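Each chain gets a letter, A, B and so on, in the order the sequences are listed, and its residues count up from 1. Everything quoted here is computed from the prediction, not taken from an experiment.
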Amino acid sequence: MIERLGAFVIDRVAALGAFVIFLAEALFYLAAPPYKPRLAIRQLRSIGAESFFLVGLIGLFTGMVLGLQGYNTLSRFGSEGALGTVVALVLVRELGPVLAALMVTARAGSAMAAELGSMQATEQIDALSVMAINPVQYLVSPRVLAGIVSFPLLTGLFDVIGIWGGWAVGVGLMGAPNGPFFNGIKQNMGPHDIAIGLYKALVFGVVVMWVCCYKGYNARRMATGVSRATTEAVVLSSVLILVWDYFLTSVLL
Amino acid sequence: MATTNQNAGAPGAIISVRELRRRFGRQQVLNGVNLDCPTGQITTIVGPSGCGKTVLLKHLNLLLRPDSGTIVIDGVDVTALGGRLQNDVREKFGMLFQAGALFDSMTVFDNVAFPLVELTRMGKPEIADRVGEVLAAVGLKGMERKFPSEMSGGMQKRAALARALIRRPKILMLDEPTTGLDPTRTHQIHELVRGTQRQFGLTAVMVSHDVPAVFEFSDRIAFMHQGRMALNGTVAEVRAANNENFELFLAGRASGIDEPLAAAAR
């Protein structure tokens, strides 16, 4: 019994260690030659550019519902003028980075875990090693770099379109005053708020790429290995995004 | 006479394995393997599935590390090599994986050219020449633009063989290259391996359970049983050895999967 418990604990700790070493390796090889910018650019396209439309769409509707709910709530206190500030702060500090990260996880993270998982299952990753190409450097580092670059950009897009959506519904549809909407944003939102949002996006970018690559890379070589890796990658990424979000907020607030 | 596994390092062997041991959990998969692969010959490792053949091959190409024992490849002790030095050794060999392991997102041309593109400074025309030459050697001329998913299993194996040969390796490693192929295709692949081995003057190490078909074109046979080399010699020597387990294996009666497990449990 105690032996089993010990084995279990050692197993978990070893797995956690492997997980951390995986990221360390990916970051190390990001800095080490040979540099292959075209690999990172290809990933930027599939993680960043191809998520553009989805992130924009979700941003628009999130902003619109914020405009609706915000107006409805604020009008009870007669403070419709604060609508712009509320929408912008909620989006920039909280919903922008979190929802953009969740959307990219669902779209690109799952695909990435499945792709690396099937490469593992069909020995393509071993083939890279045997050809004297470091598979972490070739497959993982470019994806981590693409995550670091594209998450803050997508978050920015989400925020801007979201604020615009909030304005369209709050001001255009519900009749909140137009002037205070943007004036409020200008007066109450500082560089600190934007920095918090972008900092979160950066962290989420690393976390999502890390988890999704790790799960795919270590997929079991069996029929259910790839599907399992994909599911675990999406679930763990989503959980970590929300947990990290709380802790980052409490530290950065 | 069949040479058993106690003899010391044979001169002229490009690969020498001594007392290799590796354990996975409770299972001692490699239990003191000794093997010499003479330069310029085809050595085929046979044995029932689960006897450790593929695990042994993965030690030879440095994908796995042994618990103890040594592996010397082309005069270099590779047992504990890492990083750059390990890659220097790997550049000496080409590997054909069981399922081919072609990159399915790339065409045949890009697959075969991949090692040259990634690891050398060769120009495009030179790479195209080399790829054309190797594809012709494996009989895939004109298939450059196909994706692996558009080809039959046999053609995928040949494309994978072309990729393994593209850097003109000294050593070719093959992991059950004929699994999943019909007898005609199996024969073709064997002929092709023989032909390319002669053409490029390679040393080949192959893992196979394709007995007795492999006897025809191998120079040496190593029979693996319970994590050791039970037999190791030329085809004629091994056939004349009268090893009981080998005879059982040939007759298709060795329960390979259970035996190492039973041995490990003891």
Side-chain angles (χ1 to χ4, degrees), chain A residues 3-4 6-8 10-11 14-15 18 21 24-25 28-29 31-40 42-43 45-46 111-112 114-139 141-143 216-223 225-226, chain B residues 25-26 54 57-65 78 81-106 111-121 148-149 153 156 159-161 163-167 169 171-176 179:
Chain A
E3 192 184 335
R4 274 210 192 147
F8 177 79
I10 289 173
D11 229 41
I21 289 169
E25 244 186 290
F28 171 78
Y29 285 117
Y35 305 110
K36 304 270 181 191
R38 80 191 147 77
L39 293 177
R42 201 185 299 159
Q43 291 308 322
R45 194 182 74 186
S46 82
M112 192 179 303
E115 185 188 351
L116 293 186
S118 76
M119 285 187 79
Q120 179 64 267
T122 54
E123 297 187 305
Q124 293 177 48
I125 291 181
D126 279 350
L128 282 172
S129 300
V130 172
M131 281 183 225
I133 294 168
N134 185 314
V136 171
Q137 184 168 27
Y138 187 81
L139 296 170
S141 298
R143 286 172 165 82
Y217 196 93
N218 292 293
R220 296 275 216 87
R221 282 184 188 161
M222 50 194 207
V226 177
Chain B
R26 296 182 155 201
T54 298
L57 200 67
K58 286 194 170 177
H59 280 83
L60 296 184
N61 63 29
L62 314 183
L63 284 174
L64 292 175
R65 299 285 169 168
V78 300
L81 280 188
R84 284 275 153 77
L85 295 170
Q86 173 178 301
N87 283 346
D88 288 347
V89 174
R90 277 177 165 162
E91 287 183 9
K92 291 177 189 168
F93 47 72
M95 167 89 191
L96 174 56
F97 285 86
Q98 199 168 42
L102 292 169
F103 301 119
D104 37 27
S105 57
M106 298 182 193
N111 260 291
V112 176
F114 184 82
L116 298 181
V117 172
E118 293 297 327
L119 295 166
T120 68
R121 289 174 187 276
S149 56
Q156 289 184 16
L161 181 62
R163 186 178 67 184
L165 292 170
I166 192 73
R167 296 199 72 197
I171 303 167
L172 181 62
M173 297 184 188
L174 307 108
D175 185 8
E176 309 206 353
T179 300

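For the atom pair B/F103 CZ and A/I125 CD1, the distance stands at 9.5 Å (nearest 0.5 Å).
For B/L62, no part lies under 4.5 angstrom from a heavy atom of chain A.
Not counting sequence neighbours, B/A99 has no partner by the side chain to side chain contact (heavy atoms under 4.5 Å, CB included) test.
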At a 3.5 Å cut-off, give me the donor-acceptor pairs between chain A and chain B, one pair per line with the distance.
from   : atom 1 : to     : atom 2 : distance (Å)
A/K36  : NZ     : B/E118 : O      : 3.4
A/K36  : NZ     : B/E118 : OE1    : 3.3
A/R38  : NH2    : B/E118 : OE2    : 2.6
A/Q124 : NE2    : B/L102 : O      : 3.4
A/Q124 : NE2    : B/D104 : OD2    : 3.3
A/S129 : O      : B/R90  : NE     : 3.4
A/S129 : O      : B/R90  : NH1    : 3.1

